[in-house]
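Only heavy atoms go into these numbers, but all of them, side chains included; no hydrogens, no water, no symmetry mates.
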Amino acid sequence: MAHIVVLGAGTGGMPAAYELRQELGSEHEVTVVNDREYFQFVPSNPWVAVGWRERAGITFDIRPHLERRGINFIAKRCAEIDAAGSMLRFDDGETLQYDYLVIATGPRLAFDDVEGAGPHGGHTASVCTVDHAEAAYEQYKQLLKDPGHVVVGAMPFASCFGPAYEFAFIVDADLRKRKLRDRVPITYITSEPYIGHLGLGGVGDSQGMLESEMRNRDIEWITNAKVTKVEAGRMYVDEYDNAGHVIRNHEAGFKFSMMLPAFEGVDAVANVDGLCNPQGFVVVDEHQRNSTYPNIYSAGVCIAIPPVESTVVPTGVPKTGYMIESMVTAIVHNIHAELQGREPDHKGTWNAICLADMGDTGAAFVALPQNPPRSVAWVKKGKWVHMAKIAFEKYFIRKMKKGTSEPIYEKYILKMLGINRLK
């Protein structure tokens, strides 16, 4: 009997555990390790930050749902991975042996890269966790009492720009409903070289569509922006031209700010010799397996993917839901193959498909494959995307509670977008 440990219980780790149990049957042991007792549906956090959702609606206790499927659960922080010895060491000194390890930790949120940034002792809010989103909502309620300038955006090395765009548009929509929008200027500040870059070099006419949407909503922007320091109510920003020269120094005052931080690998993963790139992301081959430690697989935001293109201010590459689902499925089939004495032969489908809510409408971005040249590259806008995002939230949470492993993107979203099943 083999013991497969999944490190992380997010949108990659939970489906990985369920798929492993379904694929491997009861012959092998599956254990999930997570530093929290609860699952949180991260895509809903921008809604939490304006009071459109509450924690109870997007979180649930992990243990009963996993154990009902015959999956072990350990709610502890992994302090160290002994990759050579195939062992995890926890904060309390206890250890856990594994035959195969699936790393699905998500990122370390590197607020400390910018002085004064972040919700922990800094001056910017975040929607990266439900705790952060709840804290952001408390600050947002103060803004509603005393309106003023709002700054939203992404720091250098941020890897997922969608939530920043979503939050800017959601705040705009919420303020309009409250008849306060005329008292709250909004500026979007981003490391992207242009609006709609998204870490992907643009998708279809994402630049034109998003710029038009921002103009229509009176949202100003600064691109090629490197935030250098944040003080209470003030952000310092260097704006670059495309040749890499600073063309303007901004001091942006704000009453409320939500900025996505740089993403890096979590410490326990990043500290393993030969496992990660300099940012601490796990290096994997086409089968999602690390070459130094072939019994370690990885999926999701924590893996290393080269940037689509070089940008003046560093930008990371997003890992969207469809991509993560395909990585997880490949890992499960490849571990099963190894247990049967065969070589791994499954590959993830690295395509970018994203549904972005805009408060009262939404935008769907599709890049197949993620890196150019692409067979499909388009962006479409409509209220149907807003409704689809809500449906996706409810379906995915229900799926994680039930313990099913069917891929939501292939079954529903691809069909809705008119895309045939991808190989």
Chemist: Pairing donors with acceptors under 3.5 angstrom, does anything connect the side chains of D357 and H386?
Modeler: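 Yes, a side-chain donor-acceptor pair sits under 3.5 Å.
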Chemist: Return the minimal non-hydrogen interatomic distance between T187 and H149, and the atom names on each side.
Modeler: OG1-NE2, 2.8 Å
Chemist: Tell me which pairs pass ring-ring contact (aromatic ring centres under 6.0 Å, His included) where either residue lies in residues 71-116, with sequence neighbours left out.
Modeler: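 Passing the test, one end in residues 71-116: F111-H132.
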Chemist: Identify, with sequence neighbours excluded, every residue that meets salt bridge (charged side-chain N to carboxylate O under 4.0 Å, His left out) alongside R53.
Modeler: E393
Chemist: Any heavy-atom pair between the side chains of I335 and L20 that's under 4.5 Å?
Modeler: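 When only atoms from C-beta onward are counted, I335 and L20 do touch, with a gap below 4.5 Å.
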Chemist: Quick check against the 3.5 Å criterion: does Y188 have a side-chain atom that pairs as donor or acceptor with the backbone of V151?
Modeler: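 Flag not set: sc Y188 to bb V151 has no pair under 3.5 Å.
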Chemist: Say whether N224 and S191, considering side chains only, have a donor N or O and an acceptor N or O under 3.5 Å apart.
Modeler: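 No - no donor-acceptor pair under 3.5 Å links their side chains.
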Chemist: Answer yes or no: is there a side-chain heavy-atom contact under 4.5 Å between L260 and V127?
Modeler: yes
Chemist: For the residue pair I74 and V32, establish whether any side-chain heavy-atom pair is separated by less than 4.5 Å.
Modeler: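 Not touching, per the 4.5 Å side-chain cut-off.
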Chemist: Among F60, Y38, F39, which residue satisfies the ring pair (Phe, Tyr, Trp, His ring centres under 6.0 Å) criterion with H65?
Modeler: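 Result for ring pair (Phe, Tyr, Trp, His ring centres under 6.0 Å) with H65: F60.
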Chemist: Looking at D172 and R217, is there a salt bridge between them, counting it only when a charged N and a carboxylate O are closer than 4.0 Å?
Modeler: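 Yes, charged N to carboxylate O under 4.0 Å.
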Chemist: Please name all residues satisfying salt bridge (charged side-chain N to carboxylate O under 4.0 Å, His left out) with E134, sequence neighbours left out, ordered by chain then number.
Modeler: R55
Chemist: When the ring planes of Y165 and F169 are compared, do they come out parallel, tilted or perpendicular, using 30° and 60° as the limits?
Modeler: parallel
Chemist: Take I353 and L368, measure what side-chain contact (heavy atoms from CB on, under 4.5 Å) needs, and give me the verdict at the end.
Modeler: CA-CA 8 Å; I353 301 172; L368 314 179; 4.1 Å; yes
Chemist: Measure the shortest side-chain to side-chain distance between L200 and P318 over non-hydrogen atoms and say whether it is less than 4.5 angstrom.
Modeler: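 With C-beta onward as the side chain, the pair touches.
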Chemist: Write down the atom of A49, the atom of A136, and the distance for their closest heavy-atom approach.
Modeler: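 Looks like CB-CB, 3.9 Å.
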Chemist: Keeping H28 on the side-chain end and H3 on the backbone end, is there a donor-acceptor pair under 3.5 Å?
Modeler: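 Flag not set: sc H28 to bb H3 has no pair under 3.5 Å.
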Chemist: More than 12 foreign heavy atoms under 6.0 Å from CD of E27: is that the case here?
Modeler: no
Chemist: Taking only residues two or more places apart in sequence, or in another chain, which ones meet F254 in a ring-ring contact (aromatic ring centres under 6.0 Å, His included)?
Modeler: none
Chemist: Taking all heavy atoms of C78 and all of L7, pick out the closest pair and write down the distance.
Modeler: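 Between these two residues, the closest heavy atoms are CB-CD1, 3.9 Å.
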Chemist: How would you list, by chain and number, every residue that makes a ring-ring contact (aromatic ring centres under 6.0 Å, His included) with H123, sequence neighbours excluded?
Modeler: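 Scan of H123 (ring-ring contact (aromatic ring centres under 6.0 Å, His included), adjacent residues dropped) gives none.
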Chemist: For F263, give me all partners under ring-ring contact (aromatic ring centres under 6.0 Å, His included), at least two apart in sequence or on another chain.
Modeler: none
Chemist: Can you name the nearest heavy-atom pair linking S206 to V379, along with the distance?
Modeler: N-CG1, 3.7 Å
Chemist: Show me the side-chain donor-acceptor pairs of residues 152-162 shorter than 3.5 Å, one per line, residues at least two apart or across chains.
Modeler:
none

Chemist: Identify, with sequence neighbours excluded, every residue that meets salt bridge (charged side-chain N to carboxylate O under 4.0 Å, His left out) alongside D91.
Modeler: R77
Chemist: Is the closest side-chain heavy-atom distance between R69 and Q22 below 4.5 Å?
Modeler: no
Chemist: Give a yes-or-no answer on whether the side chains of T315 and H197 include a donor-acceptor pair shorter than 3.5 Å.
Modeler: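 Side chains of T315 and H197: no pair found under 3.5 Å.
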Chemist: Which heavy atom in R374 sits nearest to a heavy atom in V203, and how many Å separate them?
Modeler: NH1-CA, 4.2 Å
Chemist: Got a donor-acceptor contact below 3.5 angstrom from the T292 side chain to the G274 backbone?
Modeler: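 At least one qualifying donor-acceptor pair exists.
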Chemist: Could you tell me which residues satisfy ring-ring contact (aromatic ring centres under 6.0 Å, His included) with H287, sequence neighbours excluded, listed by chain and number?
Modeler: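 H287 satisfies ring-ring contact (aromatic ring centres under 6.0 Å, His included) with no residue once adjacent residues are dropped.
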Chemist: Are Y297 and N334 close enough that some pair of their side-chain heavy atoms sits under 4.5 Å apart?
Modeler: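 In short, these two side chains touch, coming nearer than 4.5 Å.
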Chemist: Does a salt bridge link R21 with E67, judged by any charged N lying under 4.0 Å from a carboxylate O?
Modeler: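 Not counted as a salt bridge, because no side-chain N and carboxylate O are separated by less than 4.0 Å.
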Chemist: Is the count of non-hydrogen atoms from other residues, nucleotides or ligands lying under 6.0 Å from R398 atom CZ greater than 12?
Modeler: no
Chemist: Could you give me the CA-CA distance, side-chain angles and deciding distance for D35 and K76, then say whether salt bridge (Lys or Arg N to Asp or Glu O under 4.0 Å) is met?
Modeler: CA-CA 5 Å; D35 60 356; K76 293 182 181 181; over 6 Å; no
Chemist: Applying salt bridge (charged side-chain N to carboxylate O under 4.0 Å, His left out), can you list everything that pairs with D113, at least two apart in sequence or on another chain?
Modeler: none
Chemist: After noting the C-alpha distance and the side-chain angles of Y140 and F167, does the key distance pass the ring-ring contact (aromatic ring centres under 6.0 Å, His included) rule?
Modeler: CA-CA 12 Å; Y140 184 70; F167 191 68; 7.1 Å; no
Chemist: Could you tell me whether the side chains of E80 and N271 share a donor-acceptor contact shorter than 3.5 Å?
Modeler: no
Chemist: Between W378 and D205, do the side chains contain a donor N or O and an acceptor N or O under 3.5 Å apart?
Modeler: no
Chemist: Considering non-hydrogen atoms only, spot the tightest contact between Q40 and N45 and give its length.
Modeler: OE1-ND2, 4.3 Å
Chemist: Do L88 and L101 have side chains that get closer than 4.5 Å, going by heavy atoms?
Modeler: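 A side-chain contact exists here, since the closest heavy-atom pair is under 4.5 Å.
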Chemist: Might you work through the side-chain contact (heavy atoms from CB on, under 4.5 Å) test for L96 and T31, ending with a clear yes or no?
Modeler: CA-CA 10 Å; L96 180 69; T31 299; 4.2 Å; yes
Chemist: Quick check on D92: does its CG atom have over 12 non-hydrogen neighbours (other residues, nucleotides or ligands) under 6.0 Å away?
Modeler: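 Result for CG/D92: enclosed.
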Chemist: May I ask you to test the P344-E338 pair for a side-chain heavy-atom distance under 4.5 Å?
Modeler: yes
Chemist: Under the criterion side-chain contact (heavy atoms from CB on, under 4.5 Å), I'd like the reasoning laid out for W52 against I170: C-alpha separation, chi angles, the key distance, then a yes or no.
Modeler: CA-CA 10 Å; W52 291 6; I170 287 168; 3.9 Å; yes
Chemist: Do T329 side-chain atoms and E325 backbone N/O form a donor-acceptor pair below 3.5 Å?
Modeler: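 Pair found, side chain donor or acceptor close to backbone of E325.
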Chemist: K226: what forms a side chain to side chain donor-acceptor pair (under 3.5 Å) with it, not counting sequence neighbours?
Modeler: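 K226 satisfies side chain to side chain donor-acceptor pair (under 3.5 Å) with no other residue.
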Chemist: Out of D238, V313, I222, V237, which one pairs with V227 under the side chain to side chain contact (heavy atoms under 4.5 Å, CB included) rule?
Modeler: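 Among the candidates, only V237 passes.
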Chemist: Which residues pass the side chain to side chain donor-acceptor pair (under 3.5 Å) test with K229, not counting sequence neighbours?
Modeler: E231
Chemist: Given the rule in the side-chain contact (heavy atoms from CB on, under 4.5 Å) test, do R289 and I296 qualify, once you have shown the distances and angles that lead to the verdict?
Modeler: CA-CA 6 Å; R289 183 171 63 169; I296 295 182; over 6 Å; no
Chemist: In terms of side-chain heavy atoms, does E239 have a donor or acceptor partner in H250 at a distance below 3.5 Å?
Modeler: yes
Chemist: Would you call R89-E94 a salt bridge at under 4.0 Å N-O?
Modeler: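 Here R89 does not pair with E94 in a salt bridge, since their nearest N and O are not under 4.0 Å apart.
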Chemist: Could you check whether Y322 and Q370, counting side-chain N and O atoms only, form a donor-acceptor pair closer than 3.5 Å?
Modeler: no
